[in-house]
2 protein chains.
Amino acid sequence: MKTTIYDVAKASGVSIATVSKVINNSGRIGEKTKKKVLETINELNYHPNMIATALTGKSTFSIGLLIPDLANPFFAELARSVEDRAHELGYNLVICSTDYNPAKEMKYIDLLKRKNVDGIIFASGFEQLDKIEELNESLPIAVVARDFPSSNVNTVSFDDYLGGFKATSHLIELGHEKIALIGRDVWSNRERKRGYEDAMHKNDLNYKFRFEYIEESNVEWGKYMAGKYMTSEDPPTAIVACNDLLASGSIQAVKEYGLSVPDDVSVVGFDNTIIATLTDPLLTTIAQPIKSMGKHVMDLMSNEIENNVTDKSRITLIPKLVTRGSTKQVKKRIVQS
Amino acid sequence: MKTTIYDVAKASGVSIATVSKVINNSGRIGEKTKKKVLETINELNYHPNMIATALTGKSTFSIGLLIPDLANPFFAELARSVEDRAHELGYNLVICSTDYNPAKEMKYIDLLKRKNVDGIIFASGFEQLDKIEELNESLPIAVVARDFPSSNVNTVSFDDYLGGFKATSHLIELGHEKIALIGRDVWSNRERKRGYEDAMHKNDLNYKFRFEYIEESNVEWGKYMAGKYMTSEDPPTAIVACNDLLASGSIQAVKEYGLSVPDDVSVVGFDNTIIATLTDPLLTTIAQPIKSMGKHVMDLMSNEIENNVTDKSRITLIPKLVTRGSTKQVKKRIVQS
DNA sequence: CTGAAAGCGCTAACAA
DNA sequence: TTGTTAGCGCTTTCAG
């Protein structure tokens, strides 16, 4: 049998109440008894059962993390950064991949609540905002990598609009005018698209291409869509891809048509995951400060849990352009004479 | 206040014992009362508190997963596959990244035990085998992606030796004789190295290069070590890298010296993660059946938990060579005349 | 400063 | 078939 608080009490000749108090440093205990109890705790190698503690109404020190897909490098890196901070603060993370599937999302939320997690963190991809607002009433909630305008929820977001704007502006500065966009239809990408469009308009650029949202944010779809653009009547000289995976697929597509990145076509990605250091050429990309996002969101969470802080915060992180080899000055137009 | 079993009991005019029985489908309950109770459960939107259930000695339906680093694509993909099966079986996963750090490992194990997880799964990288054996006495334990010879622990492993052998043999078949190896000093890589060596010996190959283990399994180290080999007096014509990240770094190094993969140097990786589809050329690699590993290990786990099966199993999965663009027939030797 | 006792929400004998 | 009751391991009044 595992050793319980009773064992400790008996072994040190005090009551369980006293033991409880020294463990939690609560109440007033005499130095002597305290020392004695601490000793026997050590001897017996006693560790309080957190389940029992939790049942008396205290923290479970578990928090749920809902992400679309743990196998996606961006989310894996994000989860890792949340995990690091969580562990520093004494929490464990229960990670659930939802695959953007509302039914799974509901199921996991339910399960997490039944397990009395101290809070739930939603990573981007979760679109049931009303559900979040509702949960927010009963449980500490935080949202990361996703803006959640005009709501009363702890949020650590990334300025997607600005990201789209910066990516596009970078290409425009390099002289590109025919810039295409690739992305899946989720909130962050709609924002990035707005940024893209504004950058284009601001520079009086009006490149026509048959934009359509893709269905999955993976290499294949990036390759497919970039290929489609490359074979259109008026192919782009640059592509903004809404994540590094799509960018990688785009590079592959360009190469497949016998063209070079960046000589013929420039590509910029999003996220600055490990992927960006694996492509050839290395990928110019809009960096999300993943480490920072994880830390901030866990800090908000623990603040709400431990200090019962009810003021919510919204932290917006600023995108940074990381220039690598996949973007380049546009080729001089061949002047037709 | 959350609704408890008492609320349900009161609302349906029965005792809490009865409610408990209909929830768990235990004991014998009259159809009528059963229906009645089920109805009020629905009305009140009652969900049993798993913490309380757990305290009475039943499952917590949480299982711990210890991996070296969630941000590493291989482990992220592995975690995802374990997670999928876990959720199918009704379990949640508490994921802990240990960074190969024994102190962290101990800390997490401790925490997980205190939280009464139903079991702990160790992914490769964990070297404290005696600790595992010890834990194995008190808790369902399983090991994945790591062989654990002559032990009484549930294991899903990958034949690393054979993997090293196959990778090397593939290159030898392509005519390579100067084959170098890159890897970190962990168990699986020591096995892969054995496989490499046996393949070399079997073919009377005795390529001398200054092998040394690297310190981290990442792109940078792959690039560094491959670069070192490439600039030695007798550079290799092929490289076996112990994971896809290292292989990617190797490809970069080769290119940096103005050579081509696969024309001048062939590279084979390990794991067949998403990385292998992002390099240029696409990476020939030894595939670990990640999906299958995750499923198997969770099945072993739940079997031990639910059926109290005490027979342990060892499942060994066979490596498969996935041929892509990074390996090629060796260049004909220039016959010096 | 210390301990007895009630209770957290649920399960499982054992009675009725 | 249903209900009573005693825990599970811990926290927390409230007396002493």
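Just so you know, these numbers come straight off a predicted model, no measurement behind them. Here is how names work: the chains are called A, B, and so on, in the same order as the sequence lines, proteins then strands, and each is numbered from 1.
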Peer 1: Picking from C:dC10, D:dG9, D:dT1, which would you name as closest to the side chain of B:Leu55?
Peer 2: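 Side chain of B:Leu55 sits closest to D:dG9.
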Peer 1: Test your reading of the model: is there a side-chain donor-acceptor pair from B:Arg114 to the backbone of A:Pro48, 3.5 Å cut-off?
Peer 2: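 Confirmed, B:Arg114 side chain pairs with A:Pro48 backbone.
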Peer 1: OP1 or OP2 of D:dG7 sitting under 4.0 Å from any side-chain N/O of A:Tyr6?
Peer 2: no
Peer 1: Respond yes when some side-chain nitrogen or oxygen of A:Asn49 is under 4.0 Å from OP1 or OP2 of D:dC8, and no when none is.
Peer 2: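 It does not, given that no N or O in the side chain of A:Asn49 lies less than 4.0 Å from OP1 or OP2 of D:dC8.
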Peer 1: Quickly work out the A:Lys21 NZ to C:dG3 C1' distance and round it to whole Å.
Peer 2: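 Atom-to-atom, A:Lys21 to C:dG3, this comes out as 7 Å.
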Peer 1: For A:Val14, answer base if it contacts any base atom (sugar-phosphate contacts may also be present), sugar-phosphate if it contacts only those atoms, and nothing otherwise; contact means non-hydrogen atoms under 4.0 Å.
Peer 2: sugar-phosphate
Peer 1: Which whole-number value in Å describes the distance from B:Asn116 CG to D:dC8 C1'?
Peer 2: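 After rounding, the reported distance stands at 10 Å.
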Peer 1: Indicate whether OP1 or OP2 belonging to D:dT2 is found under 4.0 Å from a side-chain N or O atom of B:Thr18.
Peer 2: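 No, because none of the side-chain N or O atoms of B:Thr18 sits under 4.0 Å from OP1 or OP2 of D:dT2.
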Peer 1: Starting at atom CD of A:Glu31, determine the distance to atom C1' of C:dT2, rounded to an integer number of angstrom.
Peer 2: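 The answer, rounded to whole Å, is 15 Å.
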Peer 1: To the side chain of A:Ile29, which of D:dG3, D:dG9, C:dT2 is closest?
Peer 2: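 Selected nucleotide (nearest to the side chain): C:dT2.
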Peer 1: Looking only at non-hydrogen atoms, find the nearest pair between A:Glu306 and A:Tyr91 and report the distance.
Peer 2: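 What the structure gives for the nearest pair is OE2-OH, 2.8 Å.
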Peer 1: Roughly how many Å is it from NE2 in A:His47 to P in D:dG9, rounded to a whole number?
Peer 2: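 Atom NE2 in A:His47 sits about 16 Å away from atom P in D:dG9.
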Peer 1: Round to the nearest Å and state the distance from B:Ile5 atom CD1 to D:dG3 atom C1'.
Peer 2: 13 Å
Peer 1: With respect to the phosphate group of C:dT2, does any side-chain polar atom (N or O) of A:Thr33 fall under 4.0 Å of OP1 or OP2?
Peer 2: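 Answer yes for this pair, as a side-chain N or O of A:Thr33 is under 4.0 Å from OP1 or OP2.
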Peer 1: So which heavy atom on B:Ile290 is nearest to which on B:Asp271, and how close?
Peer 2: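 Residues B:Ile290 and B:Asp271, closest heavy atoms: CD1-O, 4.4 Å.
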Peer 1: Does C:dC8 have its OP1 or OP2 closer than 4.0 Å to a side-chain nitrogen or oxygen of B:Thr4?
Peer 2: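 B:Thr4 to C:dC8 OP1/OP2: no side-chain N or O under 4.0 Å.
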Peer 1: Step by step, would you call B:Val143 with B:Val156 a side chain to side chain contact (heavy atoms under 4.5 Å, CB included)?
Peer 2: CA-CA 6 Å; B:Val143 174; B:Val156 175; over 6 Å; no
Peer 1: D:dG3, OP1 or OP2 - any side-chain N/O from B:Ser15 closer than 4.0 Å?
Peer 2: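 For D:dG3, OP1/OP2 do have a side-chain N/O of B:Ser15 under 4.0 Å.
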Peer 1: Distance check needed: C:dT2 C1' versus A:Lys32 NZ, whole Å only.
Peer 2: 15 Å
Peer 1: Of the nucleotides D:dG7, C:dG3, D:dC10, which has the atom closest to the A:Tyr46 side chain?
Peer 2: D:dC10
Peer 1: Over all heavy atoms of both residues, which pair between B:Thr60 and B:Asp118 is shortest? Give the atoms and the distance, please.
Peer 2: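 Closest heavy-atom pair between B:Thr60 and B:Asp118: N-OD1, 2.9 Å.
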Peer 1: What's the closest nucleotide to the side chain of B:Arg28 if the choices are C:dA5, D:dT1, D:dG9?
Peer 2: D:dT1
Peer 1: Using whole Å, what does the distance between atom C1' of nucleotide C:dA13 and atom CG of B:Asn24 come to?
Peer 2: 15 Å
Peer 1: Atom CD1 of A:Ile16 and atom P of C:dG7: how far apart are they, to the nearest Å?
Peer 2: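 After rounding, the gap between these two atoms is 15 Å.
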Peer 1: For D:dG9, does the base pair up with any side-chain atom of A:Lys2 as donor and acceptor (N or O, under 3.5 Å, distance only)?
Peer 2: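 Answer is no: no donor-acceptor pair is held.
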